[in-house]
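The structure appears right after this line, and notes come after that.
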Amino acid sequence: MNCIKVYGIRTFSYHGCLPEETKIGGNYIIDVDLWCDFSASALTDDLSKTIDYCDVNRVVEDQMATPCKLIETVAYRIVNQLKKEMDLLEKVRVEIKKVNPPIDGDVNFVSVVVEE
């Protein structure tokens, strides 16, 4: 099995439990690992026989655009949409990092990981 990695997808989104988070928004970084057999595309140089990075980015941006209280919810939505749209996908891992979360302390980010 092969792995495609699309890392560092940056979005400005409106997720959070605090009212301020849904009004002012915040920065997020999303990393996606996609396991699939892309040997046919490697041998034929045919994009249609693998997973298109642009499609992965589109799914992430679409799901990040719909506000939720929890990034856990958004991560599951991304995983489910990728599985729905990508027939070659055998396993997927999504990590969402919430940059500079509004918590008491000096924290670069918090993150959740969903792997299926």
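Note that the structure is a prediction, hence the values are computed from the model and not measured. Below, each value reflects all heavy atoms present in this structure, side chains not excepted, and no hydrogens, waters or symmetry copies. Sequence positions, counted from 1, serve as the residue numbers for this chain.
- Annotation: the span from M86 atom CE to I4 atom CD1 amounts to 9.0 Å, rounded to 0.5 Å.
- Residue pairs meeting the side-chain hydrogen bond (donor to acceptor under 3.5 Å, both in side chains) criterion with at least one partner in residues 107-116, sequence neighbours excluded, are K83-E116, K91-E115, E95-S111.
- Among the candidates R10, K97, K5, the single residue satisfying the salt bridge (charged side-chain N to carboxylate O under 4.0 Å, His left out) test with D31 is K97.
- Looking at heavy atoms from C-beta onward, L34 lies in side-chain contact with V6 at the 4.5 angstrom threshold.
- The closest side-chain heavy-atom distance from N100 to V107 is not below 4.5 Å.
- The closest donor-acceptor contact from the side chain of S41 to the backbone of F38 lies under 3.5 Å.
- Within the 4.5 Å cutoff, the side chain of R93 has no heavy atoms near those of the V114 side chain.
- Each salt bridge (charged side-chain N to carboxylate O under 4.0 Å, His left out) pair with one or both residues in residues 37-46, not counting sequence neighbours, would appear here, but there are none.
- To the nearest 0.5 Å, atoms OG (S13) and CD1 (I30) are separated by 6.5 Å.
- Side-chain contact between V94 and V113 is absent, with no heavy-atom pair separated by less than 4.5 Å.
- Between Q81 and the choices K84, E85, R77, the side chain to side chain donor-acceptor pair (under 3.5 Å) rule is met once, by E85.
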For residues 17-28, which side-chain donor-acceptor pairs fall under 3.5 Å, sequence neighbours excluded?
{"from": "E21", "atom 1": "OE1", "to": "C17", "atom 2": "N", "distance (Å)": "3.1"}
{"from": "E21", "atom 1": "OE1", "to": "L18", "atom 2": "N", "distance (Å)": "2.9"}
{"from": "E21", "atom 1": "OE2", "to": "K98", "atom 2": "NZ", "distance (Å)": "2.4"}
{"from": "T22", "atom 1": "OG1", "to": "P19", "atom 2": "O", "distance (Å)": "2.8"}
{"from": "Y28", "atom 1": "OH", "to": "H15", "atom 2": "O", "distance (Å)": "3.0"}

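- Applying side chain to side chain contact (heavy atoms under 4.5 Å, CB included) to V56 and the options I78, V92, I51 leaves one that passes, I51.
- Just one residue in the list L88, T44, L43 forms a side chain to side chain contact (heavy atoms under 4.5 Å, CB included) with K49, and that residue is T44.
- Counting heavy atoms of neighbouring residues, nucleotides and ligands inside a 6.0 Å radius, atom OH of Y76 does not exceed 12 of them.
- The shortest side-chain heavy-atom distance between N57 and V59 does not fall under the 4.5 Å cut-off.
- Considering CD of Q63 and OG1 of T73, their distance stands at 11.5 Å, rounded to 0.5 Å.
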